[in-house]
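Sequence lines set the chain letters: A, B, ... in the order given, protein chains first and strands last, and positions in each chain run from 1. Only heavy atoms go into these numbers, but all of them, side chains included; no hydrogens, no water, no symmetry mates.
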There are 2 protein chains.
Amino acid sequence: MADGRSSSAQSGENLLFLTDEQLRQGIEAMFFAYRGFTADPDRILSDMAYGRAHHRAVHFINRAPGTTVNNLLNILGVTKQSLNRVLRTLIEDGLVESRIGKADKRERHLFLTEAGRALEQKLSDAQRARMRMAFRDAGPEAVAGFRTVLEAMMDREMRSAYSRLKDSGT
Amino acid sequence: MADGRSSSAQSGENLLFLTDEQLRQGIEAMFFAYRGFTADPDRILSDMAYGRAHHRAVHFINRAPGTTVNNLLNILGVTKQSLNRVLRTLIEDGLVESRIGKADKRERHLFLTEAGRALEQKLSDAQRARMRMAFRDAGPEAVAGFRTVLEAMMDREMRSAYSRLKDSGT
DNA sequence: CTTGGAATGTCAACAACACTGACATATGCT
DNA sequence: AGCATATGTCAGTGTTGTTGACATTCCAAG
């Protein structure tokens with residue numbers, strides 16, 4: 001690996017795109033792109049008392065209305081204390097509604113209110129606009145590759161969470 | 001847009017991959033993948049008194065040895081106070097060396113020490129291992145698409161910073 | 001040579017967001 | 001009745017980011 005060639009790039013296959021240099025470029029692309037990815041919603045949120053964590057909560061509640069706190073916890077990968085701080089402010093501010101479960105009364109099912117949906121729209125419109133431009137500039141084949149690589153990069157649990165969400169969409 | 005079809009997907013072109021549903025999947029893929037992307041270095045760093053910010057600083061100093069503080073500031077996109085806190089600990093701990101510029105003595109040129117290079121190796125080995133697996137699983141064409149989309153997603157300034165780094169590599 | 005501005009460093013205060021640990025409450029299940 | 005689960009809450013801590021203010025050093029222009 002000291003020669004800058006990945007240890008996987010041995011046998012005569014066409015694996016030259018696995019040189020350390022190529023990998024490093026992928027890493028840096030990921031870093032810079034993620035900054036762009038979050039930039040627009042962050043700008044909107046900075047004017048309010050909310051941050052990226054609120055955005056994520058609102059996004060996934062909108063995505064899966066009625067989801068439980070525990071489910072959201074697993075998707076977001078944070079502690080319940082961390083999520084609770086965010087949910088509390090969202091509920092206080094009337095953006096999220098928490099309903100006690102019918103089958104299991106310990107569970108809280110989360111829904112966006114009208115105001116919550118409005119914020120979600122505003123944030124995801126901004127984020128989608130950038131994604132749309134990137135997708136349009138890159139073309140369908142590049143987009144397919146993009147998704148393939150990202151999926152391969154996820155942790156296993158996150159990949160299945162992602163697949164579940166993906167399949168439930170439309 | 002209320003019909004779930006992107007406003008860009010009007011004229012008869014093949015732009016169905018720009019539906020809001022497709023864009024949302026891209027957004028979620030980005031979110032979950034970035035978690036995987038940072039997971040391994042984060043795990044290593046959590047045992048030390050360092051975090052993701054230290055990783056980023058060490059990465060880019062290694063990438064462009066002798067870079068100035070101001071240059072690093074622009075690449076990382078944080079305030080000098082924030083970067084300075086990180087750099088100070090790295091210098092105190094003997095991972096980074098700060099040399100006063102010869103041409104312009106106001107500038108500080110940053111270099112990794114032997115220990116700094118060791119940490120950088122450890123962190124980037126972990127990150128590259130995941131990237132390598134993802135690239136290998138996805139294949140060269142997917143990787144090309146991945147890079148194309150990420151580049152299109154960057155802010156303009158970040159895109160040029162990325163290109164400069166990319167071109168300087170090998 | 002003086003002055004203005006640029007590059008850097010430092011101090012203080014603060015906010016967002018994550019963490020751990022401990023504990024309380026209500027509920028479900030055996 | 002007793003244990004496990006789901007949720008909420010309090011207290012403390014750490015990392016990373018922010019502003020604002022100010023000092024130092026040095027280059028460059030007048």
Side-chain angles (χ1 to χ4, degrees), chain A residues 31 34-35 38-39 41-59 61 66-93 96-111 123, chain B residues 31 34-35 38-39 41-61 66-93 96-110 123:
Chain A
F31 169 68
Y34 197 77
R35 286 254 299 280
T38 56
D42 281 358
R43 234 187 315 277
I44 294 172
L45 289 161
S46 69
D47 296 337
M48 320 188 209
Y50 297 144
R52 210 175 284 180
H54 299 82
H55 179 195
R56 292 197 282 257
V58 163
H59 173 97
I61 294 173
T67 187
T68 64
V69 173
N70 230 3
N71 185 24
L72 202 51
L73 234 40
N74 291 328
I75 288 176
L76 295 176
V78 296
T79 59
K80 63 174 178 174
Q81 294 91 331
S82 203
L83 175 59
N84 190 258
R85 192 190 330 114
V86 166
L87 279 183
R88 196 169 37 205
T89 67
L90 288 173
I91 292 170
E92 279 169 7
D93 297 351
V96 168
E97 191 188 348
S98 168
R99 298 185 204 152
I100 295 176
K102 275 183 295 189
D104 187 336
K105 290 180 188 167
R106 291 170 303 179
E107 295 181 339
R108 302 302 142 94
H109 298 280
L110 304 169
F111 299 87
L123 294 173
Chain B
F31 169 69
Y34 197 77
R35 286 254 298 280
T38 57
D42 281 358
R43 235 186 315 276
I44 294 171
L45 287 162
S46 68
D47 295 336
M48 320 188 208
Y50 296 144
R52 212 176 281 180
H54 299 84
H55 178 194
R56 291 197 282 257
V58 163
H59 172 97
F60 285 109
I61 294 173
T67 187
T68 63
V69 172
N70 224 13
N71 186 26
L72 202 51
L73 235 41
N74 291 326
I75 289 176
L76 295 177
V78 297
T79 59
K80 63 176 178 175
Q81 294 91 331
S82 201
L83 175 58
N84 191 258
R85 196 191 316 116
V86 168
L87 281 181
R88 199 181 341 157
T89 67
L90 289 173
I91 291 170
E92 279 170 6
D93 297 350
V96 168
E97 191 188 348
S98 166
R99 297 185 203 151
I100 295 176
K102 275 183 296 189
D104 186 336
K105 292 177 187 166
R106 290 167 302 181
E107 296 181 339
R108 304 299 144 95
H109 298 280
L110 302 169
L123 294 173

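Residues that satisfy the side-chain contact (heavy atoms from CB on, under 4.5 Å) test with B:Asn74, not counting sequence neighbours, are absent from this structure. Residues satisfying the side-chain contact (heavy atoms from CB on, under 4.5 Å) test with B:Leu123, not counting sequence neighbours, are B:Pro41, B:Ile44, B:Leu45, B:His55, B:Leu119. Every residue was checked against the side-chain hydrogen bond (donor to acceptor under 3.5 Å, both in side chains) condition with A:Thr68, not counting sequence neighbours, and none meets it. Looking at residues two or more places apart in sequence or on another chain, you find a side-chain hydrogen bond (donor to acceptor under 3.5 Å, both in side chains) between A:Arg106 and A:Asp104. By the side-chain contact (heavy atoms from CB on, under 4.5 Å) test, A:Arg56 is found to be paired with A:Arg52, A:Ala53, A:Leu76, B:Phe31, residues two or more places apart in sequence or in another chain being considered. Evaluation of the side-chain contact (heavy atoms from CB on, under 4.5 Å) rule for A:Arg108 yields A:Val69, A:Ser98, A:Ile100 as partners, not counting sequence neighbours. Remark: A:Tyr34 pairs with no residue by the side-chain hydrogen bond (donor to acceptor under 3.5 Å, both in side chains) rule, at least two apart or across chains.
When DNA chain C is scanned in the 5' to 3' direction for atoms under 4.0 Å from non-hydrogen atoms of chain B, the outermost contacting nucleotides are C:dG5 to C:dC11.
Within a heavy-atom distance below 4.0 Å of DNA chain D, the residues of residues 69-83 of chain A found are A:Val69, A:Asn70, A:Lys80, A:Gln81. Of the residues in residues 97-105 of chain B, those with a non-hydrogen atom less than 4.0 angstrom from any atom of DNA chain D are B:Ala103, B:Asp104, B:Lys105.
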Could you list the donor-acceptor pairs under 3.5 angstrom formed by side chains in residues 80-90 of chain B, with sequence neighbours left out?
{"unit_1": "B:Thr89", "atom_1": "OG1", "unit_2": "B:His54", "atom_2": "NE2", "d": "3.3"}
{"unit_1": "B:Thr89", "atom_1": "OG1", "unit_2": "B:Val86", "atom_2": "O", "d": "2.8"}

Every protein N/O lying under 3.5 Å from an N/O of nucleotides 13-15 of chain D:
{"unit_1": "D:dT15", "atom_1": "OP1", "unit_2": "B:Ala49", "atom_2": "O", "d": "3.4"}

